[in-house]
Each structure stands twice: as structure tokens, then as C-alpha cells.
Amino acid sequence: MNKKYQVFVSSTYKDLKEERMAVIRLLLKMGFIPVGMEQFPASNMSQMEYIKMMLDSCDYYLLILAGKYGSVDVDGIGFTEKEYDYAIANGIPVMSILVEDIGKLENAKCEDTDAKLELLMKFREKVSAGKLVDFYTDLGSLTTAVATAVHSCVQLFPAKGWIRGETTDGAASIEAQIEKYMQEHTASAADIEALFANETIVLDGGNASSHIVAENAQSPRETISLTGARTMVEELSKRLPKVEWGEF
């Protein structure tokens, strides 16, 4: 089955433009659908509302964490961290790739305040706690780590993905569901013959939901459920001359 998986690429932006572009190109070459802030349009929704909507449609979440914590929401928590938290809370498989040594990054790619640096270090600790993460040192090792992580994640955590509507597998699945429904809701020939075992059938019109009751049976017969109602009506129409109306 030829599925397309959607991957949300999460990171800070200004300091990782080159890295994000390389990762997005890689995902496209691997046959995935990358989703990230590059595609975010102007919207009446808040930034976090739109992010959540996009995350809900994704199969996997990829975090690239380097030397910046990034912009923060009104509550003081960074948008990248909020994206991570939302993915974890909603059971979206997470892949985290962290820069190996923040100290080796150029100053422009690092936080310039102690407060932001502290938030970054706490976020790194959260991401690494109890979970397998990978590390990178340069652009080449980053794309290698991403390719390995994505391939492994798809194998370990198969997702729904996207399938073209006209694929054979999809059509076969629909046909199977229709066949199952027909089997469960259509009366068999034996059921129909059992209804007409007697010469006369009385239609009891005593209430809004009419029941079919066999008259003059050797033993009292319970009300018969109209399973496969359309088939029953067709048979009744064929035998209409033998039908008598009971007293109301």
C-alpha cells in the first residue's frame, strides 16, 4: 500500500533556516509530506491554535533542538516546547534530534540571556528524560540522523498516513464493508419461506410499527423481526392476494 506520511518539523526558525531547508528536502525525497512554519498562512486563528490543527493531521513529530529556546507565548512557554508537549500529550510519535554541543555553536545561534538559556537547558532535559534521542554536529550528521530516525519510527510505529482515494486497496475495503452489511441486513430465502409456510398471513395494524404474525400455526408463533425489510416487502407484494387485514 503506497502511503504518504505527514511529518511536522518543529524547531526555532531564524537560527536554523539552513537546517530546516535541508531536512524538508530530505523528507520530500524520502516520500514524506513535511509540515512546518514555512507553510503557515495569515489566519484569524492564534498561532498555537493553528499549530495544534496542523499537528492533529500529522503522523509524526520531528524536533530539532539547537542553541536557542525561541519565541515564547503569553504564558512564558516557548512555541517549540508547546508543540513538543502537544505531540506527547496526543500520542503522536516523537523523534528528537539535539545539537551535541551548544558551546561549539557560533554566538548568533545561541541565546544571549541567562533566562532564555536556562529555559533551553530545562527543555533539553525534558526531551532527553526517559526517551531515546539522537545528536548532530553539522548539517550532514543532522540529515543522517533524521533519515535514520524517520525510517525507524515508521517501522516501529506504523501510522494511518494518506492514501489516494482511487487505490485498489481502498475500493476493495469499501466493497468488503458493503458485502458485510448486506449479509447482516438481508433475509435469507429460508427466512422468507418460513414466513409464508401458512396459507394466510395476518397483518396486525394495531400500532404504528406493524408486525407480521403467522395465523393458524400449530404452535403460537412470536412476532418475526423484519430483517431485510426491502426483501420482505417485495415478497409480500407478490403474494398480496393471500393477505388479509386483521381487525384494528
Side-chain angles (χ1 to χ4, degrees), residues 6-28 32-143 145-146 149-150 153:
Q6 197 156 294
V7 181
F8 190 97
V9 182
S10 176
S11 75
T12 51
Y13 182 69
K14 290 182 179 180
D15 59 317
L16 293 176
K17 287 183 180 180
E18 185 180 2
E19 288 83 353
R20 289 183 62 87
M21 185 61 66
V23 168
I24 288 172
R25 286 173 179 166
L26 171 67
L27 290 172
L28 288 170
F32 292 89
I33 305 171
V35 175
M37 62 187 73
E38 291 86 354
Q39 294 95 31
F40 290 0
S43 172
N44 190 46
M45 302 172 69
S46 72
Q47 184 172 337
M48 201 60 219
E49 287 175 338
Y50 190 83
I51 288 171
K52 289 179 179 179
M53 183 181 71
M54 297 307 296
L55 276 166
D56 287 339
S57 69
C58 288
D59 300 293
Y60 301 102
Y61 171 89
L62 172 64
L63 171 66
I64 305 170
L65 190 56
K68 282 187 175 291
Y69 182 70
S71 57
V72 298
D73 204 349
V74 291
D75 56 4
I77 301 175
F79 286 103
T80 304
E81 184 170 1
K82 282 193 169 186
E83 291 168 358
Y84 175 85
D85 290 342
Y86 187 82
I88 292 291
N90 287 273
I92 302 173
V94 168
M95 300 164 282
S96 300
I97 316 293
L98 283 61
V99 69
E100 188 170 74
D101 188 350
I102 295 178
K104 292 184 178 180
L105 295 173
E106 57 185 90
N107 290 337
K109 289 181 178 262
C110 297
E111 290 295 355
D112 55 3
T113 67
D114 291 339
K116 277 289 191 74
L117 182 58
E118 183 179 356
L119 288 173
L120 174 63
M121 299 310 294
K122 287 183 177 179
F123 186 26
R124 281 176 64 97
E125 290 174 6
K126 177 198 289 189
V127 170
S128 303
K131 289 186 176 294
L132 293 174
V133 300
D134 204 350
F135 298 90
Y136 76 96
T137 57
D138 54 25
L139 201 59
S141 61
L142 172 62
T143 54
V146 169
V150 170
C153 201

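Note that the numbering runs from 1 along the sequence shown for the chain.
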[atom2] on [Y] to [atom1] on [X], rounded to 0.5 Å:
{"X": "Leu139", "Y": "Leu16", "atom1": "CG", "atom2": "CG", "answer": "10.5 Å"}
{"X": "Asp15", "Y": "Lys17", "atom1": "CG", "atom2": "NZ", "answer": "10.0 Å"}
{"X": "Tyr136", "Y": "Glu19", "atom1": "OH", "atom2": "CD", "answer": "5.0 Å"}

Exercise. Count the heavy atoms of every other residue, nucleotide or ligand shown that sit under 6.0 Å from CE of Met53, and state whether that count exceeds 12.
Key: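 Yes.
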Quiz item: How about Asp101: does its CG atom have over 12 heavy atoms from other parts shown lying under 6.0 Å from it?
Solution: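 Yes.
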Practice problem: I would like to know whether Leu98 and Arg124 meet side-chain contact (heavy atoms from CB on, under 4.5 Å); could you show each step before the answer? | Solution: CA-CA 8 Å; Leu98 283 61; Arg124 281 176 64 97; 4.0 Å; yes
Exercise. Please step through side-chain contact (heavy atoms from CB on, under 4.5 Å) for the pair Tyr13 and Thr80, ending with a clear verdict.
Key: CA-CA 10 Å; Tyr13 182 69; Thr80 304; over 6 Å; no
Quiz item: For the side chain of Asp138 and the backbone of Gly140, is there at least one donor-acceptor N/O pair under 3.5 Å apart?
Solution: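 Checked: pair present.
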When you compare the side chain of [Y] with that of [X], does any pair of heavy atoms fall below 4.5 Å?
{"X": "Ser96", "Y": "Leu65", "value": "no"}
{"X": "Lys126", "Y": "Tyr84", "value": "yes"}
{"X": "Ile102", "Y": "Leu120", "value": "yes"}
{"X": "Ile77", "Y": "Phe123", "value": "no"}
{"X": "Thr143", "Y": "Arg25", "value": "no"}
{"X": "Phe8", "Y": "Ile51", "value": "yes"}

Closest non-hydrogen atom pair between [X] and [Y], with its separation:
{"X": "Thr12", "Y": "Arg20", "value": "O-CD, 3.9 Å"}
{"X": "Leu119", "Y": "Gly76", "value": "CD1-O, 4.4 Å"}
{"X": "Leu27", "Y": "Pro34", "value": "CD1-CB, 3.9 Å"}
{"X": "Leu55", "Y": "Glu83", "value": "CD1-O, 3.9 Å"}
{"X": "Val127", "Y": "Val133", "value": "O-CG1, 3.7 Å"}
{"X": "Ser11", "Y": "Ile64", "value": "CB-O, 3.2 Å"}

Practice problem: Verify the distance criterion only: is there a donor paired with an acceptor across the side chains of Tyr61 and Ser10 at less than 3.5 Å? | Solution: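 Yes, side-chain donor-acceptor contact under 3.5 Å.
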Quiz item: Does the side-chain contact (heavy atoms from CB on, under 4.5 Å) test come out yes or no for Asn90 and Lys52, once each step is laid out?
Solution: CA-CA 10 Å; Asn90 287 273; Lys52 289 179 179 179; over 6 Å; no
Quiz item: For Asp134, what residues pass the side-chain contact (heavy atoms from CB on, under 4.5 Å) criterion, not counting sequence neighbours?
Solution: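 Applying side-chain contact (heavy atoms from CB on, under 4.5 Å) to Asp134 gives Ile97, Ala145.
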Quiz prompt | Selection residues 67-78 - residue pairs positive for side chain to side chain donor-acceptor pair (under 3.5 Å), sequence neighbours left out | solution = Tyr69-Glu81, Asp73-Lys82, Asp75-Lys82
